[in-house]
Visitor: 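I have a structure here, written as structure tokens, and I will follow up with some questions on it.
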Amino acid sequence: MHWADSIATALSHRGDKHVIASGITPSGEFHIGHLREILTSDIIKRACIALDLDAEFVFFVDDADPLRKVYSFLDNSYEQYIGHQLANIPPPDANGVPDNERFAQGISYARHFLEPFIQALEAIGVQIDEVIYNYDAYQSGKFAEASRSACNQVDAIREVIERVSGRELDDDWFPWNPIDSKGSIDGIRITGWDDPIVNWIDSDGNSGQSDVTKGEGKLPWRVDWPAKWVWRGVTMEPFGKDHGAAGGSYDTGKEICRLLGNEPPYPTTYEWISLKGVGAMSSSTGVIIGPLEALNLVPPEIIRYLITRNKPNRHIDFDTGSALIELADEYQKKLSDLEKGPGEWDELSRRQQVAWEKLKAQLLYSQIDPASTPQAASERVTFRHLSMLAQIRSEDANVWGSLHRSGLIESEPTGDLPRRLELMRAWISSPHFPEAFRLRIQTEIGDGAKENIDERDVDYLKALCRGLADCEWKSHEINAIICNEAKSRDISLRDAFQTLYWIVLNQDFGPKLANILEEMDMQAVLDLLQLAIDELSS
RNA sequence: GGGCCUGUAGCUUAGCCAGGUAGAGCGUCCGGCUUUUAACCGGAUGGCCAAGGGUUCGAAUCCCUUCAGGCCCGCCA
């Protein structure tokens, strides 16, 4: 059974109505790891609906959280905003400097980072039923009951946190972080609690009052989380493994949740996505692949597939290089496997049946439109093949022509093929494109070529030069000359082409050579051949 | 210290929750096509399922122990 279906089945034993939640702090650029959080929830929601459960997906934007520090991508002038809530400070401009102009137009720091992410979510088929801005939720009193309840049970909550997490809280710890006279929630000491008013004194010695029902501050994280569960009735939430560790915020959260009067949600811990060869992605260190960036390389269903094919507890090494091309091709192959069908069901082993069910679910949950059934593309053009053609053919029309000649498409490209080519071109021109797939047209004779061509080829190469010099510069003409000159000298085509691959690409294989040569300038080809002849003659 | 995850063919892995002959993709090799390919089609190769013990008629799967790797526990998902 697919992991999402297992979770949905577990949820069905708890009730018919489910609120699946995700929460992210918009402290910096969003990355593909955040996408895992959201997609995990989205896929579980779809699985619930498939089981006829009533399920909705709410996305908590933790914009009431304070700026923790001046991140590497921020200008030092952000120093003044440390401790201030993310919904309340200006966004950085291109240089990381606070952009007060945009802030005046209503774009906060949090919104600045959130908006492109929300766009990416739409593109990837995530249907969020409700986006909850935590800052607004506090302001409008959504947290009022839970906040008062927490403040009235300060001892019980302190006991839970100290016992479960094993850390000691300060004597004056209080489950409310008020906003001080400067707008910061750091460095404030609580001096009294008179429901619903918290009295405090800040680091400058100024004192004040904070009404917990009006969002004049916020609950600290370990209380804030269960408070969300309570007021919004969350029944399921996936979270990163940092929260899932023993004594972590889920452990304390589930007990605090009961103190606040509700059962905690069904948990799912998911592993992190790291960038292959670089390490874990982190908004604060700048090690990121933005979700938009990833979506600029491959169609969005490939990113969904990355998440559906891996169980949440499975660590993912994300690799924008050859592994991504292979992933995309695997997705397409599985689609056509699905179309072929499982064969005689009764003759399948149980193992095969399990695999089939899982394949179906993986592909189903990869669809952008939840209502659509997975369908194999009518063409069988792999990403691998497309990556070659895109490099050889600078004009789209020539790519389609090539695919048509090789019988892979009827005449005009159909489906998402034009879009895939567009993405592929962007990928190739990005630093993410795998070097192993990159074609390198040589301008001099490489070492590999020197070792692998010999004098027997000289006569052949000379003949080629003569032939190519006055042929019509079309791939079929070029190809005919290459083949005919080889035949007339009893050189096997395999050897002839290998020799030429060595000269042109400095490797012994490649895509259709004539197509490459056609894209090159005739004189450049002749010059390169002459260099090879000179090399051999010396 | 506490805890989580992972360990299956050269590589990536499915199968483990509900025990019943170890599956796939990539790679490699061979063959087909031969006006060539990294395309396409067909075939082959390859695993004492980390180690040890236990339960069982039967264990990759359940239990215990060990080893190895990764990670989390200062709100970075």
Side-chain angles (χ1 to χ4, degrees), chain A residues 1 3 6 9-10 22-25 27-28 30-38 40 62 65-66 68-69 71 164-167 220-222 224-225 238-249 251 269-274 280-285 287-288 309-315 317 319 322-323 326-327 329-330 333-334 337 349-355 358-359 362 380-382 384-389 402-403 406-408 436-437 439 475-476 478-484 486-487 492-501 505 507-516:
Chain A
M1 195 187 285
W3 57 263
S6 302
T9 304
S22 273
I24 298 177
T25 305
S27 56
F30 282 72
H31 53 69
I32 192 145
H34 293 113
L35 220 41
R36 183 174 211 178
E37 157 105 24
I38 300 291
T40 302
D62 289 329
D65 289 6
R68 280 281 151 212
K69 62 174 184 178
Y71 299 114
V164 177
S165 79
R167 70 174 174 188
W221 162 246
R222 285 194 185 243
D224 171 281
W225 200 19
F239 44 84
K241 62 178 176 181
D242 50 337
H243 297 314
S249 46
D251 271 3
T269 309
Y270 60 86
E271 262 286 350
W272 308 57
I273 296 180
S274 59
M281 266 177 266
S282 165
S283 300
S284 43
T285 58
V287 177
I288 54 165
R309 78 192 283 277
N310 290 292
K311 282 185 280 198
N313 64 9
R314 192 111 203 161
H315 171 93
D317 255 335
D319 177 356
S322 52
E326 276 151 25
L327 180 75
D329 281 335
E330 178 185 307
K333 178 161 193 317
K334 291 212 171 160
D337 287 348
S349 67
R350 185 177 154 275
R351 187 173 283 130
Q352 287 171 310
Q353 294 180 348
V354 167
K358 178 168 288 185
L359 170 77
Q362 284 178 347
R380 301 289 308 275
V381 183
T382 61
R384 181 183 279 257
H385 192 43
L386 199 58
S387 79
M388 286 185 270
L389 290 176
S402 176
L403 288 172
S406 49
L408 287 167
F437 287 85
L439 297 174
S475 64
H476 60 276
I478 296 169
N479 203 51
I481 291 167
I482 293 172
C483 296
N484 292 336
K487 272 184 181 169
S492 80
L493 288 172
R494 186 182 195 84
D495 289 345
F497 276 105
Q498 279 197 357
T499 299
L500 293 172
Y501 282 124
L505 297 175
Q507 55 189 32
D508 66 352
F509 54 82
K512 293 214 182 235
L513 187 62
N515 292 340
I516 299 178

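Note on naming: letters A, B, ... go to the chains in the order of the sequence lines (proteins, then strands), and numbering restarts at 1 for each one.
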Visitor: Can you check the distance between B/U61 and B/U56, where both ends of the measurement are the P atom (answer in whole Å)?
Guide: 16 Å

Visitor: Please work out whether the ring planes of A/Phe239 and A/Trp225 are parallel, tilted or perpendicular, with thresholds of 30° and 60°.
Guide: perpendicular

Visitor: Can you identify which nucleotide, out of B/U35, B/U36, B/A77, has its nearest atom closest to the A/Ile273 side chain?
Guide: B/A77

Visitor: Under the side chain to side chain contact (heavy atoms under 4.5 Å, CB included) criterion, do A/Ile38 and A/Ile24 qualify, and how do the steps go?
Guide: CA-CA 9 Å; A/Ile38 300 291; A/Ile24 298 177; 4.0 Å; yes

Visitor: Could I get the full list of salt bridge (charged side-chain N to carboxylate O under 4.0 Å, His left out) partners for A/Glu37, not counting sequence neighbours?
Guide: none

Visitor: Tell me, what's RNA chain B's dot-bracket, Watson-Crick or G-U with both distances under 3.5 Å, | for other-strand, [ ] crossing?
Guide: (((((((..((((......[..)))).(((((.......))))).....(((((..]....))))))))))))....

Visitor: Which heavy atom of A/Asn313 sits nearest a heavy atom of A/Glu271, and at what distance?
Guide: O-CG, 3.2 Å

Visitor: Tell me if a side-chain donor or acceptor on A/His243 pairs with a main-chain N or O of A/Gly240 at a distance below 3.5 Å.
Guide: no

Visitor: Take atom NE2 of A/His243 and atom C1' of B/C73, then tell me their distance rounded to the nearest Å.
Guide: 12 Å

Visitor: Classify the side chain of A/Tyr501 versus the base of B/U37 as yes if they form a donor-acceptor pair under 3.5 Å and no if they do not.
Guide: no

Visitor: Please give me the minimum heavy-atom distance between A/Trp221 and A/Asp62, naming the atom from each residue.
Guide: CZ3-OD2, 4.4 Å

Visitor: Please state the P separation for the pair B/C30 and B/C72 - nearest whole angstrom.
Guide: 46 Å

Visitor: Within this structure, what is the CG-to-P distance between A/Leu386 and B/A38, rounded to whole angstrom?
Guide: 18 Å

Visitor: Mind calculating the distance between CG (A/Asp242) and C1' (B/G74) to the nearest angstrom?
Guide: 12 Å

Visitor: Using the C1' atoms only, state how far B/U21 lies from B/U37, rounded to an integer number of Å.
Guide: 41 Å

Visitor: How far apart are the closest heavy atoms of A/Leu513 and A/Tyr501, and which atoms are they?
Guide: N-OH, 3.7 Å

Visitor: What residues, two or more places apart in sequence or in another chain, satisfy side-chain hydrogen bond (donor to acceptor under 3.5 Å, both in side chains) together with A/Ser387?
Guide: none

Visitor: Could you pull out the protein-nucleic contacts involving nucleotides 23-34 of chain B (nitrogen or oxygen on both sides, under 3.5 Å)?
Guide:
none

Visitor: Taking the P atom in each of B/G10 and B/C16, what is the distance between them to the nearest angstrom?
Guide: 23 Å

Visitor: Roughly, in whole Å, what's the span from CH2 in A/Trp272 to C1' in B/C72?
Guide: 8 Å

Visitor: Looking only at atom P, what distance separates B/C75 and B/G70, rounded to whole Å?
Guide: 25 Å

Visitor: When the distance from CZ of A/Phe497 to C1' of B/U36 is rounded to whole Å, what number comes out?
Guide: 4 Å

Visitor: Given the C1' atoms of B/G58 and B/G19, what is the spacing between them in whole Å?
Guide: 8 Å

Visitor: Which atoms form the tightest heavy-atom contact between A/Leu500 and A/Ile482, and what is the distance?
Guide: CD1-CG2, 3.7 Å

Visitor: Find out whether A/Asp242 and A/Trp272 are in side-chain contact, i.e. whether some heavy atom of one side chain is under 4.5 Å from a heavy atom of the other.
Guide: yes

Visitor: What's touching nucleotides 4-9 of chain B from the protein side, N or O pairs under 3.5 Å?
Guide:
| residue | atom | partner | partner atom | Å |
| --- | --- | --- | --- | --- |
| B/C5 | O2' | A/Asn313 | O | 3.2 |

Visitor: Can you tell me the distance, in whole Å, between the CG atom of A/Leu505 and the P atom of B/U36?
Guide: 17 Å

Visitor: A/Gly23 or A/Met1: which one's nearest nucleotide on RNA chain B is closer to the 5' end?
Guide: A/Met1

Visitor: Which residues pass the side chain to side chain contact (heavy atoms under 4.5 Å, CB included) test with A/Asn310, not counting sequence neighbours?
Guide: A/Arg36, A/Leu306, A/Arg314, A/Ile316

Visitor: For A/Asp65, answer base if it contacts any base atom (sugar-phosphate contacts may also be present), sugar-phosphate if it contacts only those atoms, and nothing otherwise; contact means non-hydrogen atoms under 4.0 Å.
Guide: base

Visitor: If the C1' atom of B/G53 is compared with that of B/A24, how far apart are they to the nearest Å?
Guide: 32 Å

Visitor: Between A/Met388 (CE) and B/C40 (P), how many Å, whole number?
Guide: 8 Å

Visitor: A/Ser165 or A/Ala480: which one's nearest nucleotide on RNA chain B is closer to the 5' end?
Guide: A/Ala480

Visitor: If you measure from the C1' atom in B/G23 to the same atom in B/G46, how many Å do you get, rounded?
Guide: 14 Å

Visitor: Which atom names give the shortest non-hydrogen contact between A/Ser27 and A/Tyr71, and what distance separates them?
Guide: O-CE1, 3.5 Å

Visitor: Write down the distance between CD1 (A/Ile38) and P (B/A77), rounded to a whole number of angstrom.
Guide: 11 Å

Visitor: Verify, without hydrogens or angle tests, whether A/Ser165 (side chain) and A/Arg167 (backbone) share a donor-acceptor contact under 3.5 angstrom.
Guide: yes

